[in-house]
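Just so you know, these numbers use all the heavy atoms, side chains as well, and skip hydrogens, waters and symmetry mates.
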Amino acid sequence: MSTEELPPRESMEFDVVIVGAGPSGLAAAIRLKQLNADLTVVVVEKGSEVGAHILSGAVIDPVSLDKLIPDWREDADCPLKTPVKTDKFYWMTAGSAIPLPAIAMPPLMNNHHCYIGSLGNVCRWLAPKAEALGVEIYPGFAAVEVLYDDKGAVRGIATGDMGVAKDGSHKSSYTRGMELLGKYTLFAEGARGSLTKQLIAKFSLDADSQPPKFGIGLKEVWQIDPAKHQKGLIQHSFGWPLNNSTGGGSFLYHYDDNLVAVGFVVHLNYDDPYLSPFDEFQRFKTHPAIRTLFEGGKRLAYGARAITEGGYQSVPRLSFAGGALIGCAAGFVNVPRIKGVHNAMGTGMLAAEQVVAALGAGRANDELVDYENGWRSSAVGKDLYRVRNVKPLWSKFGTIVGVALGGIDMWCNTLGFSLFGTQSHAKPDRKTLDPAKAHVPIAPPKPDGKLTFDKLSSVFLSNTNHEEDQPVHLKVADMNLQKTSEHDVYAGPSNRYCPAGVYEWVEEASGPRYVINAQNCVHCKTCDAKDPNGNITWVPPEGGGGPNYEAM
């Protein structure tokens, strides 16, 4: 069936359409209805349920939640039950963990007012609150197309067709997607959102900003021996097993009933094509100061997600005709604090307030200029401005010197000035890999199935599921380029940077063949950011596909 023969989509009209039921999208929806109960608001979510695709550390600064739902601490159903009690920082070498004195840390690094928990469960808690206010939430429907009016303004989105076979033909279950039309559309897709990328390109939203920067965050949830559990302890580290030129670090968060969230972040501007963030995460757990914590414990969950790390300099223009970017779709993570939830919710609320003002003035499908003009002077902008130089200094000078200089700059910013002005980011992450000949292969740790694991057993824990008979949602633009460059020059780094075993080069008599195991994809979108040629594009699979995280 050709495009011309496709049945027309049915459409539904709303005041506001929101793409993504993460913290920014749900905060925006709730704030809209708090300000004007008569507005019609819809949230479309590609995960099988709200929270299914949500992954974060997560130590959450409640500053935005306090504004959105002031009495959340008295809500027995709120999943944030563990306040931070102890904050530790370490410099790791291969055999030791050297504590960094808390007194040396800038005040903004203090976490004692924050809470530890599952961001997925926070979203599951927020969704019914939005629905109680009259918000319609549609999980299991992926937004795959931005719709424009005849003047080029965004007028809504279309959800993906269901029941399309791998060869593009229509199965008996074929169902046409829906058009969700709004006077304003807010895009809350998270890091490296597929529609957000298109909007940035169409409206040149990045014309005056630095290149986006990313990291990959890998996380496991463990239930450990109660005798080892220290509820309210959070621990961060730099150093081993990463070398000085590779940015990143670890986190360990003790919360709830003997649960520990352990995670590892690798900045995607690394240069070694043989580096595997997944394997370095597994190696980290073997450190003598770490492994004993997990002895006798049980791994409950695994997941991975790209993280926006560009900060203040990389935030694109947020507004355009008919809509706006909110949350990590635009990139509001505070890198040294490893926190973005408060800013994601904050921008969702800021955008909602401007939407209500615009609708109240009788406007529709125009640009929310006041949202763009106001965010830098808001709490979100001030939060990012104070740490704007940490990431570029780290990238430029390496971990030891860069982190030290970043710490000095954060101290200076608490006093209202900076020794470094505003530093620029270098080239995009996909352009930082060296040719493989400049490096030697890195031997991965052999998984023991108790402390360290392989990718496929880890993906199993993520509850990832895709309808197998559907088009591959990882689009390689030029397969020949993938062979001559990604394989021949860079030794196939996609096999290593992917945390889910999606990509592999299979050596055959006729030559290497590129295999894409799309059913393994946990939607981290690292490939979309790190492929050295920008040759891989992540697009949403059939709605509901992907990981089904239970408490990440």
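Among pairs with a residue in residues 98-123, those fulfilling ring-ring contact (aromatic ring centres under 6.0 Å, His included) read W72-Y115, at least two apart in sequence or across chains.
A side-chain donor from one of S237 and S250 sits under 3.5 Å from a side-chain acceptor of the other. Judged purely by distance below 3.5 Å, without hydrogens or angles, the side chains of W394 and T399 pair a donor atom with an acceptor atom. Side-chain polar atoms of K391 and H425 form no donor-acceptor pair below 3.5 angstrom. Between the side chains of D409 and N389, at least one donor-acceptor pair of N or O atoms lies under 3.5 Å. Side-chain contact, N535 with Q482: a donor N or O sits under 3.5 Å from an acceptor N or O. Between the side chains of D429 and T432, no donor N or O sits under 3.5 Å from an acceptor N or O. Side-chain atoms of H523 and K46 include a donor-acceptor pair closer than 3.5 Å.
Side-chain contact between T308 and F332 is absent, with no heavy atoms from C-beta onward closer than 4.5 Å. Side-chain contact between T246 and V266 is present, with at least one heavy-atom pair separated by less than 4.5 Å. Proximity of E486 to P532: side-chain heavy atoms (C-beta onward) are separated by under 4.5 Å at one or more points. At a threshold of 4.5 Å between non-hydrogen side-chain atoms, the residues S56 and M552 do not count as touching. The closest side-chain heavy-atom distance from H439 to L275 is not below 4.5 Å. Between I69 and W125 there is a side-chain heavy-atom pair separated by less than 4.5 Å. The shortest distance between side-chain heavy atoms of F281 and E220 falls below 4.5 Å.
By the 4.0 Å N-to-carboxylate-O rule, D528 lies close enough to R192 to be salt-bridged with it. Checked for salt-bridge contact, E280 and R496 miss the test: no charged N lies under 4.0 Å from a carboxylate O. Between K450 and E295 there is no salt bridge, since no side-chain N of the basic residue sits under 4.0 Å from a carboxylate O of the acidic one. Residues D256 and K231 are not paired through a salt bridge, judged by the lack of any N-O separation under 4.0 Å between the basic side chain and the carboxylate. Salt-bridge annotation for R337 and D383: present, with a side-chain N of the basic residue lying under 4.0 Å from a carboxylate O of the acidic one.
For NZ of K85, the number of neighbouring non-hydrogen atoms (other residues, nucleotides, ligands) closer than 6.0 Å is 12 at most.
No option in F284, Y302, F453 other than Y302 meets the ring pair (Phe, Tyr, Trp, His ring centres under 6.0 Å) test with F278.
When ring centroids are compared, H236 and Y253 come within the 6.0 Å threshold.
Checked against side chain to side chain donor-acceptor pair (under 3.5 Å), W375 has no partners two or more places apart in sequence or in another chain.
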